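One structure is given below, encoded as C-alpha cells.
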2 protein chains.
Amino acid sequence: MVSKSVESKREKTIRRILDAAAKIFAESGFEGARMDEIAKQAKINKAMIYYHIGDKKALYAQVLHDIIGNAAEHFINNLDENQSPEQKLKYYINALTRTMDQNPLLAPIMMREQASGGQNLPEIIAGDFALIIGMVTNILEEGAKQGVFIKTTPFIIYSLVTGGVMFYKGSYPVRSRYAVFPENVKKLGDRVSGEVSSEIEKLILKAVKK
Amino acid sequence: MVSKSVESKREKTIRRILDAAAKIFAESGFEGARMDEIAKQAKINKAMIYYHIGDKKALYAQVLHDIIGNAAEHFINNLDENQSPEQKLKYYINALTRTMDQNPLLAPIMMREQASGGQNLPEIIAGDFALIIGMVTNILEEGAKQGVFIKTTPFIIYSLVTGGVMFYKGSYPVRSRYAVFPENVKKLGDRVSGEVSSEIEKLILKAVKK
DNA sequence: AACAAGTTTAACTAAACAGTTAGTTTTACT
DNA sequence: AGTAAAACTAACTGTTTAGTTAAACTTGTT
C-alpha cells in the first residue's frame with residue numbers, strides 16, 4: 001500500500017514538473033521547449049519526467065489540462081443563472097480577465113495552440129472551450145430575445161472579447177521591450193482585470209445593447 | 001557585372017525560399033520549422049538558403065519583413081486623411097480584415113510572435129506595429145476632440161479589433177476540426193473581410209460613438 | 001574558346017536533443 | 001532490523017538538426 005508521505009512526495013515532484021513545464025511551454029512552445037530545461041527548472045532529474053508522467057507529448061497534454069481545464073470549469077460553475085443578460089455578459093468579461101491575470105501562462109499557451117491549428121490540443125480541452133462559447137452564445141441570445149441586446153453573431157462577440165483580452169495581455173512583453181512604441185502604449189501594464197476589464201465591459205455592452 | 005537573366009534567376013530562388021519559409025514558419029513556428037523541410041518545400045538545395053539569405057534567424061527576419069512590413073506600409077499609405085474619424089476607423093477594420101484574408105500566414109505568425117514575447121521579432125518590424133498603433137490612436141483621439149467619439153484608451157480598442165480578428169480567423173482550424181463545437185460556430189468560415197468585417201465595424205463604432 | 005563570377009549540389013560535421021538504462025537511495029511496512 | 005517497492009541519479013544512446021565545404025555546373029564577358 002502507498003502511504004500518505006510517499007504519496008505527497010510523489011505529488012510534490014509531479015507538481016514541480018508541471019509548474020516548470022507550464023512555464024517553459026508558455027515561453028518557448030511545444031517544439032521550442034527542452035526536456036532538459038524543464039528538468040533543470042523543476043530541480044529534478046530528467047528521468048523523473050518519464051517515470052512519473054511520460055514523454056513530451058504526454059507532459060504537454062497534462063499541462064494543458066491543468067491550466068485550461070480547471071479554468072473552464074471554474075468559469076461555468078460560477079455563473080449566476082438568475083442575473084440579467086447584461087450582468088452575465090459583464091460577469092464573463094470580468095471572470096475572463098481575472099483568470100488571465102491569475103494564470104499568466106494561459107494567454108501565450110492558448111495563442112500558440114491556435115496558431116498551430118490545435119495540433120497538440122486534446123479533444124477534452126476543445127470541449128472545455130466549446131462550453132464557454134456556448135455560455136456566451138446563450139447570454140447573447142437570451143438578451144436578444146428579451147429585447148435588451150441587438151441581434152449579433154455571438155462568436156464574433158466572443159472573439160472580440162477573448163482575442164482582445166489575450167492580445168492586450170500577450171502584447172505586454174513586446175510593448176515594454178521596444179522603445180519605438182508611443183508613450184500612451186508604453187505606460188500600460190499587463191494587468192487586464194480591473195480598469196482594462198471595466199473599459200472592455202463598458203465598450204462591449206454599449207456595442208450590443210439595443 | 002550582373003546581367004538581367006542572372007538577376008532574375010537569383011530572385012526566383014530567393015522567392016521560392018521565402019514563400020516556402022513563410023508557410024513552414026506559420027505552420028510550425030520558429031523552433032518547430034526545419035531548414036531541410038523549407039528547402040524541400042522550396043524545391044532547392046538547403047545550402048542555397050545559407051548562400052542567398054543566411055542562417056535560420058536571418059531567414060525568419062526576412063519572412064517577417066516580407067509579410068508584416070509590406071502590409072503595414074500599404075496600410076498607412078492608403079489611409080485618406082480627409083475622411084472623418086468614423087470613416088477612418090471603418091477603413092482600419094476593413095483594411096485589417098482584407099490584409100488578413102489576403103495573407104493567411106499573417107495571423108498565425110503574429111500570434112506566435114506575441115506568445116513568445118517577441119523573442120525573434122526584429123526592431124524594424126516592431127516599428128511597423130508601432131506605426132499602426134499610432135494611426136489608430138490618432139483616429140480615436142481626433143474623434144474624441146471633435147466630440148464624435150467617447151474618451152477611450154486607444155490601445156484597448158486596437159487590441160479588441162486586432163486581437164478579435166486574429167482570434168476569429170486563427171480559431172478556424174480548431175473550430176472545424178472538433179465536433180464538440182456548437183453548430184452556430186461550426187458553420188462559420190475563416191474569412192474575416194466581408195460580413196465579419198461589417199459586423200465588427202458596426203459594433204466597434206457603436207461602442208466608441210458619443 | 002577561355003576565363004571569371006555567380007549559382008548549385010551532395011556529402012559531411014559537430015552539437016543538441018528526446019528518451020533509456022542500470023544501478024543507488026529512500027520510504028513504508030512487518 | 002530486514003525487505004520490497006517506489007523514487008531517484010548519472011551516464012549513456014541513437015537520431016535529428018543547423019550549418020559547412022569542396023567540388024561541379026551555369027552564365028555572361030572578352
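First the proteins, then the strands, lettered A, B, ... as listed; each starts at 1. Everything numeric here is computed off the predicted structure, so don't read it as measured data.
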Item to check | Under 3.5 Å donor-acceptor pair, A/K56 side-chain atoms to C/dG19 base atoms | outcome: no
Item to check | Closest to side chain of B/Y51, choosing from D/dC8, C/dA18, C/dG6 | outcome: C/dG6
Checklist entry - Between D/dA24 atom P and B/M48 atom CE, what is the distance in whole Å? => result 16 Å
Checklist entry - Between B/R10 and C/dT7, does any side-chain N or O lie under 4.0 Å from OP1 or OP2? => result yes
Next on the checklist: Rounded to whole Å, please give me the gap between CD in A/E37 and C1' in C/dC17.
Outcome noted: 12 Å
Item to check | Lys/Arg-Asp/Glu bridge criterion (N-O < 4.0 Å) met for A/R15, A/D19 | outcome: yes
Item to check | Closest to the A/A47 side chain, choosing from C/dT9, D/dC8, D/dA10 | outcome: D/dA10
Checklist entry - Can A/R191 be said to sit on top of A/Y172's aromatic six-ring, NZ or CZ under 6.0 Å from centre and within 45° of the ring axis? => result no
Next on the checklist: Strictly below 4.0 Å: does B/R34 bring a side-chain N or O up to OP1 or OP2 of D/dA18?
Outcome noted: yes
Item to check | Axial cation check for A/Y51 ring with A/R10, 6.0 Å and 45° limits | outcome: no
Next on the checklist: Please confirm whether the ring centroid of A/Y158 lies under 6.0 Å from the ring centroid of B/F167.
Outcome noted: yes
Checklist entry - With a non-hydrogen cut-off below 4.0 angstrom, is B/A33 in contact with a base, only sugar-phosphate, or nothing? => result sugar-phosphate
Item to check | A/E31 CD to D/dT16 P, straight-line distance once rounded to whole Å | outcome: 16 Å
Next on the checklist: Expressed as a whole number of angstroms, how long is the span from B/D55:CG to C/dA14:P?
Outcome noted: 19 Å
Checklist entry - Closer than 4.0 Å, any side-chain N/O of B/H52 to the OP1 or OP2 of C/dT8? => result yes
Item to check | Nearest-angstrom distance from the residue atom OH of A/Y50 to P of C/dA22 | outcome: 18 Å
Checklist entry - Can you check the A/I49 CD1 to C/dC17 P distance for me, whole Å? => result 14 Å
Next on the checklist: I need the CD1-P distance between B/I44 and D/dC25, as an integer number of Å.
Outcome noted: 20 Å
Next on the checklist: By the 4.0 Å heavy-atom rule, please label A/M35 as base, sugar-phosphate, or nothing.
Outcome noted: sugar-phosphate
Checklist entry - Rounded to the Å, how far apart are A/N45 CG and C/dT25 C1'? => result 13 Å
Checklist entry - Between A/K169 and A/D101, is there a side-chain N and carboxylate O pair less than 4.0 Å apart? => result yes
Item to check | Phosphate OP1/OP2 of D/dA7: any A/T13 side-chain N/O under 4.0 Å | outcome: no
